[in-house]
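Here's the structure, in structure tokens; my notes come after.
Numbers restart at 1 for each chain; the letters A, B, ... are given by sequence-line order, proteins then strands. Every heavy atom of this structure was used, including side-chain atoms; hydrogens, water molecules and symmetry mates were not.
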2 protein chains.
Amino acid sequence: MTRTLTQSMQDYVKVIYGLTRSGPASTNDIARKLSVSAASVTSMIKKLHELKLVRHTSYRGVALSHAGTMVALEILRHHRLLELYLNEALGYAWDEVHAEAEKLEHHISEEFEDRIAKVLGDPSYDPHGDPIPTKDGRMPPTVSERLADANINESVVIRRVSSHDASMLRMLTSHGLLLNTTLRVALRDADSGALVVQHGKRRITLDREITENIFIERL
Amino acid sequence: MTRTLTQSMQDYVKVIYGLTRSGPASTNDIARKLSVSAASVTSMIKKLHELKLVRHTSYRGVALSHAGTMVALEILRHHRLLELYLNEALGYAWDEVHAEAEKLEHHISEEFEDRIAKVLGDPSYDPHGDPIPTKDGRMPPTVSERLADANINESVVIRRVSSHDASMLRMLTSHGLLLNTTLRVALRDADSGALVVQHGKRRITLDREITENIFIERL
DNA sequence: GGTGTTTTTTAGATGAATCTAAATTTTTTA
DNA sequence: TAAAAAATTTAGATTCATCTAAAAAACACC
Ligand SMILES: [Mn+2]
Ligand SMILES: [Mn+2]
Ligand SMILES: [Mn+2]
Ligand SMILES: [Mn+2]
């Protein structure tokens with residue numbers, strides 16, 4: 001069913017899904033995410049509305065319909081399965097998978113999706129710890145506690161890094177801060193909110209922007 | 001460099017490559033292969049000419065330039081590596097690989113190409129026995145003797161099947177006639193040109209259309 | 001070698017996705 | 001609460017790949 005949608009429509013639906021975790025998405029936000037003009041967004045929203053993939057009232061923002069949500073989840077499943085496959089089967093690093101998956105997600109068949117899912121053992125999480133929607137559109141639990149909010153002296157495990165910025169991911173890699181790494185919060189800078197964390201013998205300073213994007217399980 | 005070409009341009013270049021084994025390709029032939037109108041071909045040829053990918057004189061057919069040939073070989077490399085990868089790594093049958101590779105060939109990165117080539121051990125032939133162009137644009141030898149031309153009583157090995165017609169490939173599979181299968185030519189029907197071949201204990205009749213598309217090595 | 005057939009090209013239109021500039025509506029703020 | 005600012009939509013244009021119909025060129029055959 002996704003097959004009849006153009007790549008562009010798929011991209012809009014995916015972005016709208018990401019922007020509507022809390023309330024409707026604005027034209028400008030969508031435009032910014034997709035690097036297109038606001039006028040382009042308005043015109044695409046009109047088309048998606050006619051296809052009943054979104055609900056939209058002029059000047060009032062846009063939200064996905066149930067059908068639209070299913071489309072978004074399917075694309076997200078493709079994306080995350082691809083990321084994991086590139087990582088596990090082809091040896092891509094976690095900072096390299098996003099760009100490739102971003103292109104391929106629109107072009108693989110259901111057959112391909114099913115086969116890589118099977119090879120991977122029907123996984124629930126991608127290389128960044130993001131949940132992979134199931135074939136029937138259910139979303140596995142998402143780890144949502146931020147390292148930024150951890151307490152001093154608390155030991156935590158990194159379970160998700162919600163950034164596709166390759167340089168941030170490489171920085172974490174260089175400090176040995178991979179998924180499922182255990183660390184302890186040593187200090188918090190009251191002004192900047194930066195944290196100093198203890199990882200084995202190493203002490204690493206992580207600024208607020210980074211700790212906001214690292215999600216953890218408390219031990 | 002292929003990256004700046006649209007998918008449509010890539011498809012034209014690939015088809016022109018396939019049609020120019022002997023002399024220039026005609027507008028109509030290209031149109032037929034791509035299922036577009038002759039007028040569309042003329043207009044695309046004009047664009048490809050401006051990009052110096054083809055040489056074209058009005059009403060006189062079209063041929064690839066050196067640059068165009070390199071583009072075609074790169075796409076062909078993507079296609080055939082993908083076919084082999086789908087077959088070997090993901091368990092697709094040889095009659096299923098073509099359609100999937102046809103879509104993906106335009107969307108994989110050089111990184112992806114290099115990684116699957118490496119996983120496959122830098123292969124020279126795809127699941128149909130077609131040669132895979134090297135990264136620098138050389139073409140491994142192509143088996144070109146047809147089963148149709150084999151002599152009675154001759155033993156031969158199937159080395160290439162130049163058809164992407166899934167039903168023909170499945171028919172061959174059902175008779176156990178896979179790549180690298182040895183068989184003996186038992187009879188030739190003088191009228192139709194059909195062959196009866198002996199494969200182990202089985203005798204199989206193959207009509208002319210099929211034997212024209214099976215390429216062999218003589219033993 | 002002229003004339004009819006086939007092939008190719010040109011002309012002009014369409015739909016998709018985009019843009020800029022202008023108009024309209026909503027929100028903010030003084 | 002009215003004016004200014006910001007967000008959104010409308011209007012109209014552009015680019016790409018396609019189409020159909022008509023014109024032009026090449027070919028084929030008597
Ligand atoms: Mn799918
Ligand atoms: Mn991810
Ligand atoms: Mn390539
Ligand atoms: Mn092949």
Discussion item. Angle between ring planes, B:His49 versus B:His56, binned at 30° and 60°: parallel, tilted or perpendicular?
Written reply: perpendicular
Item to complete: Output the residues of residues 42-53 of chain A in contact with DNA chain C, where contact means a heavy atom of the residue under 4.0 Å from an atom of the strand; sort by number or write none.
Response: A:Ser43, A:Met44, A:Lys47
Worksheet item: Among D:dA17, D:dA11, C:dT8, which is the nearest nucleotide to the side chain of B:Met9?
Response: D:dA17
Worksheet item: Heavy atoms under 4.0 Å, any strand shown: does B:Ser40 hit a base, just sugar-phosphate, or nothing?
Response: base
Worksheet item: Considering only side-chain heavy atoms of B:Ala39, which listed nucleotide, C:dA17, D:dT8, D:dT20, is closest?
Response: D:dT20
Worksheet item: Would you call A:Glu145 and A:Arg159 a salt bridge, taking side-chain N to carboxylate O under 4.0 Å as the test?
Response: no
Item to complete: Ignoring hydrogens and angles, state whether a donor on the side chain of A:His106 or A:Asp11 is under 3.5 Å from an acceptor on the partner side chain.
Response: yes
Practice prompt. Could you tell me whether a side-chain N or O of B:Thr27 sits under 3.5 Å from a main-chain N or O of B:Thr42, the two making a donor and an acceptor?
Written response: no
Between the protein and nucleotides 1-6 of chain C, are there any N/O to N/O pairs under 3.5 Å, and if so, what are the atom names and distances?
none

Worksheet item: How far apart are the C-alpha atoms of B:Asp130 and B:His79, what are their side-chain angles, what is the distance that settles it, and do they pass the side-chain contact (heavy atoms from CB on, under 4.5 Å) test?
Response: CA-CA 11 Å; B:Asp130 287 314; B:His79 183 94; over 6 Å; no
Discussion item. Determine whether a donor-acceptor pair (one donor, one acceptor, N or O, separation below 3.5 Å) exists between the side chain of A:Tyr59 and the base of D:dT9.
Written reply: no
Item to complete: On the 0 to 90° scale, with breaks at 30° and 60°, tag the A:His107-B:His107 ring pair as parallel, tilted or perpendicular.
Response: parallel
Discussion item. Counting runs of three or more consecutive pairs, Watson-Crick or G-U wobble, with each distance below 3.5 Å, where are the stems of DNA chain C?
Written reply: C:1-30 with D:1-30
Discussion item. Can a side-chain donor-acceptor contact be found between A:Asp136 and A:Thr134 if the only test is distance below 3.5 angstrom?
Written reply: yes
Worksheet item: Looking only at side-chain N and O atoms, does A:His56 come under 4.0 Å of OP1 or OP2 in D:dT9?
Response: yes
Worksheet item: With sugar-phosphate meaning primed atoms plus P, OP1 and OP2, does A:Ser37 contact a base, only sugar-phosphate, or nothing at under 4.0 Å between heavy atoms?
Response: base
